[in-house]
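Shown next, in structure tokens, is the structure this report addresses.
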2 protein chains.
Amino acid sequence: MTIGSLAEATQTRVETVRWYEKVGLLPPPARSSGNYRLYGPEHLRRLSFIRRGRALGFTVEQIRDLLALADDRDRSCGEVDTIARAHLAHVERKLADLTRLASELREVIGQCGCGSVSDCRIIEALSPLGEPA
Amino acid sequence: MTIGSLAEATQTRVETVRWYEKVGLLPPPARSSGNYRLYGPEHLRRLSFIRRGRALGFTVEQIRDLLALADDRDRSCGEVDTIARAHLAHVERKLADLTRLASELREVIGQCGCGSVSDCRIIEALSPLGEPA
DNA sequence: ATGCACCCTGTAGTCACTACAGGGTCAAGG
DNA sequence: CCTTGACCCTGTAGTGACTACAGGGTGCAT
């Protein structure tokens, strides 16, 4: 399968597939006589894994680690669990930040009477002093 | 005030202050005889505005727009409101994504019995086929 | 033989900084 | 007077995870 069909099968951009190869996430595939990349089912599996990991918000580095662990099937699952839990903690921190941020924004927006900028509550909320000179 | 005290007063890194100047968010200040940047209260106000905006998650481009609007005090507040509402919508979309993501992660992690990798539910959840060859 | 979709490499751009390298300035202490 | 150390300067390159070309080659159908 060519890079185009692999990309389509995994909802990935062609450039991204080449980039995964360059940074070592995806092994270099065989080449056709015309120098086209030719992928097999193992590549499809690996790229699907990568994309699913990215969709779950794992970094490329974490996915690199997860792939190495996944290849070593007799190993204990503990390290996988550790990576996943660390990531969940990270996501939960971000979630808390965003929740606070959204409520601050809602409050600021709610106060805007949409008059002139000189008494705009949104601008005021951003300004350090209530009414700058 | 020197760049160091301005940075400290606004909880900003010195490099970041210089960067805001380079990209035109902060006007170039006067210089001392030894070529040090010398800031006044107007710079402090403007940088505080920028930092507060960033803390609320506005992009630098949005802050540039907000600053231009804030400078034009007779103008209607409508554009400010539009920017803020667009940003809130963006934050809420992100929040929804992260919420879904966190629950997916919790589910995956909850299923891990921490045995060997070969029957790790986390790896399985990432793999496209239940049990790759 | 020509058009077109697809592929190749390599480089530069995105965003909002951050991290140096390699210097200059300034005030205090010896 | 000299040195030490904290601060400042410019300029460039790096971060993460791609994205967007430029400038060319390949493969297939008409």
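The figures here come from the full heavy-atom set of this structure, side chains too, leaving out hydrogens, waters and symmetry mates. Here is how names work: the chains are called A, B, and so on, in the same order as the sequence lines, proteins then strands, and each is numbered from 1.
The CZ atom of R31(A) sits 13 Å away from the P atom of dT26(D) (whole-angstrom rounding). The distance between atom CG of L47(B) and atom P of dA16(C), rounded to the nearest whole Å, is 16 Å. Atom CE in M1(B) sits about 15 Å away from atom P in dC7(D), given to the nearest Å. Rounded to an integer number of Å, the gap from R37(A) CZ to dT26(D) C1' is 14 Å. Residue L25(A) contributes atom CG, which lies 10 Å from atom P of dA17(D) at whole-angstrom precision.
OP1 or OP2 of dG27(D) sits under 4.0 Å from a side-chain N or O of S33(A).
Between D81(A) and R85(A) there is a salt bridge, since at least one side-chain N of the basic residue sits less than 4.0 Å from a carboxylate O of the acidic one. Taking a cutoff of 4.0 Å between a charged side-chain nitrogen and a carboxylate oxygen, E61(B) and R64(B) qualify as a salt bridge. Between E42(B) and R45(B), at least one side-chain N (NZ, or NE/NH1/NH2) sits under 4.0 Å from a carboxylate O, which counts as a salt bridge.
Taking the side chain as every heavy atom from C-beta outward, P41(B) and M1(B) never approach each other to under 4.5 Å. Looking only at side-chain heavy atoms (C-beta outward), H87(A) and L101(B) come within less than 4.5 Å of each other. Considering only heavy atoms from C-beta on, Y20(B) comes within 4.5 Å of R51(B) through its side chain.
Between Y39(B) and H43(B), the ring-plane angle classifies as perpendicular under the 30° and 60° cut-offs.
Contact between L88(A) and A102(B) at its shortest, heavy atoms only, is CD1-O, 3.8 Å. The two residues I123(B) and L66(A) make their nearest non-hydrogen contact at CD1-O, 3.9 Å.
Picking from dG27(D), dC8(C), dT25(C) the nucleotide with the shortest atom distance to the side chain of Y36(B) gives dT25(C).
For residues 6-23 of chain B, proximity to DNA chain D is found at R18(B), K22(B), defined as any non-hydrogen atom under 4.0 angstrom from a strand atom. Within residues 50-63 of chain A, the residues approaching DNA chain D are R51(A), R54(A), T59(A), V60(A), by heavy-atom distance under 4.0 Å.
Nearer to the 5' terminus of DNA chain C, by closest-nucleotide assignment, is the contact made by L38(A) (compared with the other of L38(A) and N35(B)).
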